[in-house]
Structure formats: C-alpha cells, structure tokens
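Chain A is the first sequence line, chain B the second, and so forth, proteins listed ahead of strands; every chain is numbered from 1. For the numbers below, each heavy atom of this structure counts, side chains included, while hydrogens, waters and symmetry mates do not.
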Protein chains: 2
Amino acid sequence: MNVEFDRPKRVRLVDIAEKVGVSRRSVSAVLLGTGGSRVSVGEEKAKEIQRVAKSMGYQPNLAARQLVGKRSHTFGLLVASAGDPLRSFLIQHLDEEAAAHGNRTLIGNTVVAPDRFDKNVQLFTNSGVDGVLCAVHNWLPGDRLALLTQHPCTVFYEDPGIRDACFVSVDRAGAIHQATRHLIERGRQRIGLALTAKSKRSQKDRLRGYKQALSESSLKYEPELVFYASPKHKDAYARHDVDSLKWSFPEAVIDDLIQRIVIDQSADAIIAQDDYWAATLIKRLHRSGIRVPDDISIVGYLNHYLTDFTAPALTTIDLNHMAAAKEMVSMLEKMISGDSLPLEQRQVLVQPKLIQREST
Amino acid sequence: MNVEFDRPKRVRLVDIAEKVGVSRRSVSAVLLGTGGSRVSVGEEKAKEIQRVAKSMGYQPNLAARQLVGKRSHTFGLLVASAGDPLRSFLIQHLDEEAAAHGNRTLIGNTVVAPDRFDKNVQLFTNSGVDGVLCAVHNWLPGDRLALLTQHPCTVFYEDPGIRDACFVSVDRAGAIHQATRHLIERGRQRIGLALTAKSKRSQKDRLRGYKQALSESSLKYEPELVFYASPKHKDAYARHDVDSLKWSFPEAVIDDLIQRIVIDQSADAIIAQDDYWAATLIKRLHRSGIRVPDDISIVGYLNHYLTDFTAPALTTIDLNHMAAAKEMVSMLEKMISGDSLPLEQRQVLVQPKLIQREST
DNA sequence: CTGAAAGCGCTTACAG
DNA sequence: CTGAAAGCGCTTACAG
C-alpha cells in the first residue's frame, strides 16, 4: 500500500468538548481524571465523551500536561548499554515494569564515553522525567551524587555507596551460600571461589556467604581456594569496545584461575564470578582434558541464556532480575507519588535462586 | 552523604534574561538557536548569556519547546524486548546513534502482549516523537501500516512489506553466498542450509545466495540438502516466555535437522538459521560423537557474543548491525528535517561479513 | 537589538 | 455542571 507523508492534525481536548457540547473541564475530568473529586459528570455525558474521544482518536498531548505540572509519566533508565550482557534481562524487566505502571522509558546509554552518564542525567532533567532507574555498574564512571541531587526520585540497582540512597540489591552472600551448600551436598570438598578485587563490598559479601556455608558443614576455610584477579588482569570485567560497541569477556584471567585453583590447589569445584567466567572456564578446562562435572563442578552467577549453550549446560545462580525490577519500579512509584521513603524501606534485598543444570 | 528530597526549582529562560538584562528572545537565540537569522546578538552579550546560563544551570524545558511546535528530538524505538537476543546489538547501536545525533530514545517493548505494538504506537503519538525506529521482527504481531500512517517518519529494520516504506535490510543472499563460498573453499562438498519457512522472503533470499555460490563453483544444487522447519516445530524461532520474560531457543528442531541433513544426507557442512541454531547444533552433534569441524563445519548467522563460548568457537556471518543502525538513523534524520525521501533512497542494503573462528 | 502580546494544549481556581 | 480567565515555558510575529 502507498502511504501519504502528511503529518496528521492531532485532535485536541477542545475539539471533542465542542463536538459533545460540554466544557473542556468536563472532558478533562472524564478522559484524564483531572479536577479532583469536585467534578461530577453525568453518566450519559461521560459515556458520550468517551465515545466521541474514541471515534475522533483523541490522544492527550503529554507535553502540555507536563507543562502545567502534571507527571510526565516518564522514567529515565540509565544503563551501561542497551545490550549490556550482564544486565540485559534487568533492563528488559525494568522497562516492562515501568510500562505496566503506565510509564514511558527514556533509555540512556552511558558506556560509550565517560561523560555520558552525566550528560544523560542532564537530559533527564530537561525531559522532566518523574524519576530515574539506574542500572549502571558501579565500576563505570558517572556522578551518582549529582544524579541523586537532580533527581531525588532515583532507585539504583546495587548500593551506590551514598547514604540514604534507595537501591535494590541481590543477596550476594546468600547467593554464594546457596552455591556452596549445593556443591557440598554433591560431595565436593575443595570448593574454589573466583572473585575480582579483594576490597570491593560485593566481593566481600560473596566471601562471607562462602565462609558461612563452609563452617555450617564443618569444612575448613582455606584462603588458597579463593582466587582474586590481580591488577594485571585488565580483562577481569566484561568490557565494552567503544568502536565496535561490542562487549568482550575475560580470557587470560581464566587460565590463571585454572592454574592457581584447579591445578595448584586441586579444587573439585569452582564458583565463578559470573556466567561468562564460568562459560570460559568450561571451554578452557575442556581443552586441558579436565572434565566437567566429573573432575570438577562449575557454578555460574547470573543465569543468562548463555547457560543453555555451554557443554555441559551451566548450573548457576539466578539473580532474579525480574523481582529486582519489580521492587525498583515499585519503590520509585512510591517515591514519586508519596513523600520520601522511610529509611528502612530504602534498601531492598532480593533473594537469588540456584538453578541446577549439568555442570555440577 | 545525605540527600534532600526537594524537587529543585528549574531555571527558566526568563530568569537568565532578567539576570543579564536582555530580552528573552536574545537568550533564546543564543542558547537555543531560534528566531532564524533575524536575530543578531553582540558577541559580548552572547558570551555573557552563555556564562550566566551555565552558572545558573539553565536547562531548556523540552515540553515547552515541543508544545510550540519545535522538534521533540525524541525517537520512538520499537523492539521485541530490550533483551531481544537476536537484535540486542542493533538496539544498542540504534540508541547510540540516536544519541549521537542529539536525540532521546523512548523504548517500546512489544513482545509481552499482542496489543503492545499498537499501544506503543499510540504512546509515541502522545509523546510527540519526531520519528520511529522499528526493530521488531516481522513475525511478531503489530499493525505496521497504522504505525506508518501515524508516524510517516518511520524506518524499519527489514522490509515490512509495505510499499514505499523506508527500511534497512541486510543482504541475506550475499550473506549466505559468502558462507557457502567460504565452505567450498575449505573443501566442503555437501553443504546443508537450514531454513525456517519455505514461503518467507528472507528465506528465499538466503536460498538464492546459496544456489548462486554453488553454481559459481559448478556444484550441483541438491534440494535434499536444504532443511525447512516443518510447521510442527513450534520452536523454530526464538521465543519469549511472557511470564519469566525470558527468551528460549529451538531444541527439537535441531535434532530433526541433524537426522535429515547430517545423517540421511551426509552433509559435511551446515549453514544455520542463526547463531542459536548453530550453538545448539554444535552441542547436539557433540553428543552424537560427530566432531566439529573435523566431520562437519558449522556456520552461524548474526555474530552474537555467544559465538565465543561455543566449543569450538563459531564461524558466523556478522550482520553488521552497527552499519544498519547508522543507516536507519541517518535515513530518519533526513525524513524528519527534509521532505520525504526519494523512492530510490528508501531501501538500503547493508553488507554482512563472514567472521571465521574455529567451527569451519 | 527592544518590549508587549499571542499562542501551543492542557489544568486549575474563580464566579456563577 | 458552565464559561471565561490565568498560567506552565517557550517561540514567533509585530511594532518600535
């Protein structure tokens, strides 16, 4: 079919008011729910307004509503990138949840250039967003405090390290605790734990869950079984190539991990930093003739769809991004509509869940 | 640090006009570039306006600009879902490109419910987007014609089947042509081609490229080497589970493919439908004791980061989503600023590129 | 360059 | 319920 390239004239509130023969205010009350409880429109009239609005294809002008101080029903969504492999499910769920609550989502990529985080914050301000959801990794640049100052209604994924900030976090200690227990139940005795930096809170949490599970089973905690990526491993984290806009994953660090934990320490299980570490581990172990799970069990962390494609399929910890997204949007809605959230409701912990497949 | 939860008062155009002691019009001209060429502000004054605007943290109110008919600098981006595994790179690149041209991106998920496509089109209308980028798979529901009618400035990824519509497409015939030639050069003689439906244009294109490469090398085209997913294979396509919001990939169809093409027809190579088919193929072949690439070569289609995690790493065709995204945004910008695009510029073909890894 | 005014499409407060 | 008016922050056309 052929399509005409004319910009269609939009129907306005006043157009349908004139057509029905009522005031704009009545139309506004019926269609947009404005005016509080003061306005009472007869049921007959209300129905007619609805009917005419529908037949004329009325769509309220959001810019106009926004200008008079109504909610924009727009959320800013800060992400590393729309295709962020570690958080693409989270991003998707956040967007779904926002939409389910009647909001639009303005997506802001931050990973392409160091100043993009702050630029997007400005943009969100211009755009008059009601609130911001921040799913950017803490290890990426960006002024979180400025974000919070400009947009008090902001909910983070993971603790941004700002006092009283609202955030949702996965129970990392609980996650590793589950994984460790699972491995112990499967008869593993020398369980390795792969971490990045020693000083990071997230990594300390994981270590805590690990130690606790060991002690509950009266197993000795051996520091030699904990692997830390050394500073020379620049590829310890997922990285984003700015030119191709593609993500890449650790490689060399994995061989080091195999040498130090699997070979030197005779580990019979590894809890990996994430599913990508785990997938690479499986590949490299396979090349060295070490069998998974016969010789060694591997547990991932995330539950990306990648886990179905490793051979064997990866047992992993599902970080429950759907629950996290629901919590984040729910918190944000509360902050926007009500007053500020009481302190004890500003930090929500989401429970992860172990998914057993074939690698353990 | 503690954060105050007050909504900050935004600086307006008039505020900085008063501060500097000039008219709003001058400020508008200097800061927003309005008023055409009529307005001439002295260089001194202009600099002072810039300085004061910066010091006061002025941010133009986009809703107000939009209301008086200026561009909203907002694009609608229709996607299956933000985490769409087949197009997440495309989505990311589209967003990047839009931002690079100074636009905001309103993301619209469509896969959660059948009416979401059309709902999002309405939403885009309300939001006053300048144009729409549609990256939704053609096999998903949604009224493309209504989209095009409401938003004449729309660019599709892949031909939506509407006359004169603007779209960017990958050269599918060229892609399969490259893959086939590559396999022939590597000494393969019985090259299988895995397709979905016989009647789909996209699949016919692939077949064309396949046949052409064969005939160029004087190889006989054998229809038995072409696999079509039968209607019973409901899992031939990537599917999105509405409850978990997660995607899943074909499984059973792959075993059928192995039986019919690899075993019955003794294929020594397979060009898969996409990287997911290819990854699953590699896994299943491995279980059957068929070695890749010793016994059979496998080529994927997409170049997802998944390809690095298969064992062996997957040779695949990079669909060049970055180039596609650049083209799409460039077309859209032209449509928005100028008049309608001449017919011959409405359909752009992007060239894919074979990436050799280990599976061939 | 300036000021004063009108208008974009809505909501709200006001007087009936 | 109504109409007439003011205002949100901007741009534009108008008269100087």
According to a strict under-4.0 Å criterion, is B:Lys70 in side-chain N/O contact with OP1 or OP2 of C:dC8?
no

Measuring from the side chain of A:Arg25 (C-beta onward, heavy atoms only), which nucleotide among D:dC10, C:dT12, C:dT11 has the closest atom?
C:dT12

Whole-Å distance between D:dG3 C1' and A:Arg24 CZ?
10 Å

Taking the nucleotide of DNA chain C with the closest heavy atom to each, which residue, A:Leu13 or B:Lys45, is nearer the 5' end?
B:Lys45

Just checking, B:Arg144 and B:Phe117: is the charged tip under 6.0 Å from the six-membered ring centre and within 45° of the axis?
yes

Spacing of A:Asp15 atom CG relative to C:dC10 atom C1', expressed in whole Å:
13 Å

What I want to check is whether the side chains of B:Asp130 and B:Ser72 have a donor and an acceptor closer together than 3.5 Å.
yes

Is B:Ser28 near enough to D:dT11 that one of its side-chain N or O atoms lies under 4.0 angstrom from OP1 or OP2?
yes

Is any side-chain nitrogen or oxygen of B:Tyr58 closer than 4.0 Å to OP1 or OP2 of D:dG9?
no

Polar contact flag, side-chain donor to acceptor under 3.5 angstrom, B:Asn126-A:Arg104:
no

In whole angstroms, how far is the C1' atom of D:dC10 from the CZ atom of B:Arg71?
18 Å

How many Å lie between CG on B:Asn126 and P on C:dC8, as a whole number?
19 Å

So which of B:Val350, B:Leu90, B:Ile91 actually passes side-chain contact (heavy atoms from CB on, under 4.5 Å) with B:His321?
B:Leu90

Which nucleotide, D:dG3, D:dC10, C:dC10, lies nearest any side-chain atom of A:Ser23?
D:dG3

Whole Å only: how far is the CD atom of A:Gln66 from the P atom of D:dC10?
12 Å

Can you list the steps and then say if A:His93 with A:Lys326 is a side-chain contact (heavy atoms from CB on, under 4.5 Å)?
CA-CA 8 Å; A:His93 291 142; A:Lys326 277 188 200 292; over 6 Å; no

Nearest to the side chain of A:Val68, which nucleotide is it out of D:dC10, C:dT12, D:dG7?
D:dG7

Starting from Watson-Crick (N1-N3 plus N6-O4 or O6-N4) and G-U wobble pairs under 3.5 Å, report the runs of at least three that DNA chain C belongs to.
C:1-3 with D:14-16, C:5-12 with D:5-12, C:14-16 with D:1-3

In terms of side-chain heavy atoms, does A:Arg116 have a donor or acceptor partner in A:Thr110 at a distance below 3.5 Å?
no

From C:dT11, C:dG9, C:dT2, nucleotide with atom closest to A:Arg12 side chain
C:dG9

Per side-chain contact (heavy atoms from CB on, under 4.5 Å), B:Leu78 is matched among B:Ile107, B:Leu106, B:Val132 by B:Val132

